[in-house]
Amino acid sequence: MQKDYILSLEADRWLFHADILVDKAHVVMLKDRGILKKKESAAILNCLVNIEGRGGDFIEHELPLHEDVHTAIESVVIQEIGEEIGGKMHTGRSRNDEVATCIRIALRNELFELMSEVNGLRSVLLEKAAAHVDTIMPGYTHLQHAQATTFAHHILAYADAFARDSLRLINAYECTNVSPLGAAAFASTGFPIDRERTAKLLGFDSVLEHSMDAVSTRDFVIETISCFSNLMTNLSRLAEELILWSTSEFDFIRIPAEYATGSSIMPQKRNPDYAELVRARAGSVHGGLMSVLLICKALPSAYNRDLQEVTPHLVKATRTTTASVAAMKGMVEGLELKKEEMVKKASAGFTAATELADTIVRETGISFRTAHKIVASLAAGLADEPLESLKEQESGKAFVSEVLQRIDDIALGITEKKLSELGLTEKKVKEALDIGSNIQKRNVRGGPAKREVQRMIERRKMELERDEKSRQEKEERVKKSLEELEREVKKKKRIIKVIKKPDANLLNALKK
Ligand code: ARG
């Protein structure tokens, strides 16, 4: 017999603490509903607290002897206080609602941690942006120099993507934090259980009502991993840029030493391994999402053992995502910028061309499309026959008048008029060619102009504060419920508080 085949030990280890909570809440409720007697609930709760105290030891030595964590805990309870009482713990429930409840509790904790990490990353990005509103760099489309921007504007885009990830995670949390407990196998139960009570004691926001839906669905897992996937895609994009920017070709940044590794043969190397692994692990998380979708697809209703196969993917995806966010946070925090290189390259590839065309439109009144043609022709000419002074100072006087001269020559062939006659001055051409000044011109909402970027940073700091506060409130709410659960457990097990370790003989005596 291949008993190992049906085990899922790692996921069960992940569920251990949640299962103890679920058992406690269920027993407290059974007692309050008169389904368990005072002595019975006391004996079971004492035993559960004892197993909880054994923690790591139980997980390492006792858990692997059983089919799963739920069976393990119940079996040990029965072993320790006898079946007559211990065998009553599972009254009015099934492993089907039990496991679904445990997964939601364990996942909820992971989501709190992840949301906190994401908020931390957002904060670090906002700090970096604030420090670099004047750091000019080339902006790219198709990875070709396009228009100049600032480092602040560039990385603020990531802060915004991660802000949306935060919102998605809050949605996933809300979808997760509902209680399936009491659905039993799928048909609920004839015992007069109180589902609201267990939901409240366990810190759930509400009851997942329909008893068949409650045990059948893992859509909250799919939703959550899909949020992880989105987040990992955003992280992988940033990781890719850090990798590119740290090459000799770009030479914009230095990745902090603790996030780079050496080579076993090439002494000079600083390889961006952490960023590379963030990039790769996005793939692993997407793979997890695909696995879960495919496992759940076309499953018949209620519980099928297939569902067990979902959990390890969730555990892995959760851990990978949280660790990746933390690594990225560290990398961004310690990033060193080579500002001179960045600004030097910002004008290469005629990145002022768009602003020059815009200036022509504003100064002469010709259409943008015509101005585009003129500047395109100028750019092609510059590529064939670059101006010497281009290398020195692109907005230098000789260069500017040469550019205006060329524009006029080109325009004659297109508009039949020199643009200088239509109002284009050297002063305006010079301004358009100045990278710094043309960044400041782009001050419409969301643009890279310093004032606009500073406004965006301030606003985002407030939004981040709001998100972090709402996360903390959620965590606090759960904590308060679980404290209430512990108070109830303490109260209800008191009847035999003299007994430190539940002793089968004493308990049997108590029963009589
Ligand atoms: N280990 C199982 C899981 O993770 C627990 C539920 C088992 N239920 C059952 N009817 N076999 O899904």
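Remember, it's 1-based here, ligands and their atoms both numbered in the order they're listed.
The atoms of ligand 1 that sit less than 4.0 Å from any heavy atom of Q308 are 1 (N), 2 (C), 3 (C), 4 (O), 12 (O). For ligand 1, the atoms sitting less than 4.0 Å from at least one non-hydrogen atom of H70 are 5 (C), numbered in the order shown with element in parentheses. Every atom of ligand 1 with a heavy atom of R305 under 4.0 Å away is listed here by number and element: 11 (N).
Side-chain contact check for E476 and Q472: no donor-acceptor pair (N or O, by modelled atom type) lies under 3.5 Å.
Checking side-chain atoms of R122 against main-chain N and O of A161 turns up no donor-acceptor pair under 3.5 Å. N177 places a side-chain N or O within donor-acceptor distance of the main-chain N or O of G203, the cut-off being under 3.5 Å.
Taking distance alone, with nitrogen or oxygen atoms compared against 3.5 Å, T311 stays at or beyond that limit from ligand 1. Of the polar atoms of R218, none of the N or O atoms is found under 3.5 Å from an N or O of ligand 1, judged by distance alone.
Using bins of under 30°, 30° to 60° and over 60° for the plane-to-plane angle, the ring pair H154/Y158 lands in the parallel bin. Below 30°, between 30° and 60°, or above 60°: for F112 and Y173 the angle between ring planes is between 30° and 60°, a tilted geometry.
For atom 11 (N) of ligand 1, the nearest protein heavy atom (residue, atom name, distance) is R95 NH2, 3.3 Å. Summary of contacts: the protein heavy atom closest to atom 12 (O) of ligand 1 is Y303 OH, 2.4 Å.
Of the listed residues (V310, I6, D68), the one carrying the non-hydrogen atom nearest atom 5 (C) of ligand 1 is D68.
Residues K329 and E117 are paired through a salt bridge, judged by an N-O separation under 4.0 Å between the basic side chain and the carboxylate. For R455 and E452, the salt-bridge test passes: some basic side-chain N is under 4.0 Å from an acidic carboxylate O.
The closest approach between N96 and ligand 1 falls below 4.0 Å for a heavy atom of the residue.
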